[in-house]
Number of protein chains: 2
Amino acid sequence: MADLLSVAKLAGVSRATAARAFSTPDLVRDTTREKIFHAAQQLAFRPNKVAQQLRLKATQMIGVMVPSLDNPVFAEQLQAMEVAARACGYSLIVTTSEYDASRENDIVEEMLRQRVDGLVLTVAEADKSAVLTQLHQETTPCLLVYNPPGNSGFPSVGVDNQAASEAATRYLITLGHQQIGMVAGPLLQSDRARQRYEGYCLAMQAAGLAPCPLIEMPRHTQADLKSLAPHLHGDNAISALICTNDLLAISLIGELQRAGLSVPDDLSVMGFDGIALGKYVYPSLCTVEQPRADIGRAAIHTMLNMIRGERPVLTPLPYVLRKGESVGAPTTRKTPSGISSRSIA
Amino acid sequence: MADLLSVAKLAGVSRATAARAFSTPDLVRDTTREKIFHAAQQLAFRPNKVAQQLRLKATQMIGVMVPSLDNPVFAEQLQAMEVAARACGYSLIVTTSEYDASRENDIVEEMLRQRVDGLVLTVAEADKSAVLTQLHQETTPCLLVYNPPGNSGFPSVGVDNQAASEAATRYLITLGHQQIGMVAGPLLQSDRARQRYEGYCLAMQAAGLAPCPLIEMPRHTQADLKSLAPHLHGDNAISALICTNDLLAISLIGELQRAGLSVPDDLSVMGFDGIALGKYVYPSLCTVEQPRADIGRAAIHTMLNMIRGERPVLTPLPYVLRKGESVGAPTTRKTPSGISSRSIA
DNA sequence: CTAATTAATGAGATCGATCTCATTTCACCG
DNA sequence: CGGTGAAATGAGATCGATCTCATTAATTAG
């Protein structure tokens, strides 16, 4: 591959001049600039970014880590980040942690070796994260996405999960629901899910209602009706359910329908995140929409500011309560119909 | 940031020895190696990959371009690629073309400047792609994913779209369907969609049935019932529909249900791709599953072979016909019930 | 105990750009 | 036409690693 020096030789100038022709064309006489460009053309010269990066001590690359791209929330956010970064001349190195702390460590270390100009991370648990405490020693700017600001000590872009969850719960209460449950993935692994549960509890208490214990599903993004069945019967049978993410909600609705139950007649189901597909399924998903694209864009622009050395200004992004067919007013009967309960058992 | 030279100084050795301590520890005496490691520790030395890349003329980075991460097919494939690449010590630069040819050009050029060791691309139209014809001049290895091998001249990883589509169509025919339609995004933009349509036509003809003209939806991943309505009535009313991707299928099913139609009783709907969510919705999606994770892994491993200078060996990956509740045998009546047709109009 | 071998280390070039600073070229003016 | 200041160019150092080749230190053999 032709380098700048060979271009310079062919054009009959020094490499300094050749370099200037590209970086600061104004400093080069028109005629020589032409000669240089012509030579570059002939040799199919393509500037070597690696050499630039070494010399300039800046890579114009941002390291991104998300838990998994199998969840559309992260994929859609990443899509927006990529477009925003590219528009500003930056590239993304994309990695997935698979919610694994040791992988998180390796990934961040690798990105620091690569000398990314900044890190945009979504970690499993911001407060307990070993990577993050390590990162405080480093000079590379670091920004969290989705993770609540909390006491990790790093700036964070995202919506106020607790407030959003409160709003969602209040919405259900407004519709007349009193027995409202919340469903999450296993072990309440992510700090986001925990905050959402807290918001739910707060809203319930504020309305004088008793929050139910969290219903845990065996997997993050796939509902399991067995874990839910006990809560659908008896005096305390729930009439509405909030899921900590949309995938969980959609698969739960599917399971309920498969069992012969009607959503929202037998049970109202609400999601969280607002993935695009939720609008298209039937019943359409009622959910709290996080502005994923806005979050992605904001993350990139905030990061670019940090790279420039500015202190990040963070305005929490607004969530939107998206109404949908999966939520309705509670029906009078306390328990689902015979058919329904039979098919669950 | 401490560099190797300062580590060498602190350890009292030359940079050559310091470098060897890391790259080829066996060539360094135990005691000096210890001294060097200790010095590195003290200075919090972290090797600079950029410098390595320049010197070694290899970046251990693979450039990946997909149309959009909003489509789970690409996101899930990327997830697998990332894991596979990392396991082999490679990083991914991820970009999205948004099906835009000029963006495709910019992206590839940028990646070549970055001196990625290889390119893994999914382009809109492999045969007409300007980027690809340009790329033939280059020495950087390039591999296509999902794009049919065709006459682009580049190796390609993916399933045989046409055969898969034939199989899907045959499955519907076996169930007794005779009036089968196919739905695609706008303008049959992607070569994949076109191949799938061809497969459908072949299977129909082989069974002595007349293929219907393609039904085009205004958007790639969102169904629109109006475009479909004409085909649901009259003597030639279709009883089954194949969509060129799962998102289209899922949103179509939602729309049909919303209009009071039953899937599969009034209309069987089949998808294509096999995204994870399809298993969880109700009715569960009958689809042709592309082994996205396998494709991702295979793409990375093939690319690594190409980087090593080997000629790629390509075995087309097997698709799986995933049965689901969205497809059933055709009902006797030729047209949907009165209620249904009313609610469509 | 010295010569021959092998192991360990060091000096310096190299990858491909950019930047500083010195030098040359040019234009303009008295 | 020579002098002056600005514009254009060049020489060489630099970024942080690796690699070749020469040199020195340690081992082994005789």
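Since the model is a prediction, treat every value here as computed from it, not as a measurement. Per chain, numbering begins at 1; letters A, B, ... match sequence-line order. Values reported hereafter were calculated over all heavy atoms of this structure, with side chains retained and with hydrogens, waters and symmetry mates removed.
- The aromatic ring centroids of B:Phe22 and B:Phe45 lie less than 6.0 Å from each other.
- In the 5' to 3' direction, nucleotides of DNA chain C lying under 4.0 Å from heavy atoms of chain A begin and end at C:dG16 to C:dC26.
- Salt bridge B:Glu125/B:Arg194: present, at least one basic N to carboxylate O contact under 4.0 Å.
- Within 4.0 Å (heavy atoms only), A:Leu56 reaches sugar-phosphate atoms of the nucleic acid but no base atom.
- Contacts with DNA chain D (heavy atom under 4.0 Å) in residues 21-42 of chain A: A:Asp26, A:Leu27, A:Val28, A:Arg29, A:Thr32, listed by number.
- Taken to the nearest 0.5 Å, the NZ atom of B:Lys9 stands 8.0 Å off from the CG atom of B:Asp3.
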For residues 309-317 of chain B, please give each side-chain donor-acceptor pair under 3.5 Å, one per line with the distance, not counting sequence neighbours.
none

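- Scanning both residues, B:Lys49 and B:Thr59, for their nearest heavy atoms gives NZ-O, 4.4 Å.
- For B:Arg46 and A:Ala16, each mapped to the nucleotide of DNA chain D holding its nearest heavy atom, the one lying further toward the 5' end belongs to A:Ala16.
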Take A:Arg86 and B:Glu110 through the test salt bridge (charged side-chain N to carboxylate O under 4.0 Å, His left out) and record every step on the way to the result. CA-CA 10 Å; A:Arg86 176 152 310 280; B:Glu110 173 67 20; 5.5 Å; no

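- A salt bridge links A:Glu138 and B:Arg46; the closest N-O separation between the charged side-chain nitrogens and carboxylate oxygens is under 4.0 Å.
- Salt bridge status for B:Asp106 with B:Arg103: absent, with no side-chain N to carboxylate O gap under 4.0 Å.
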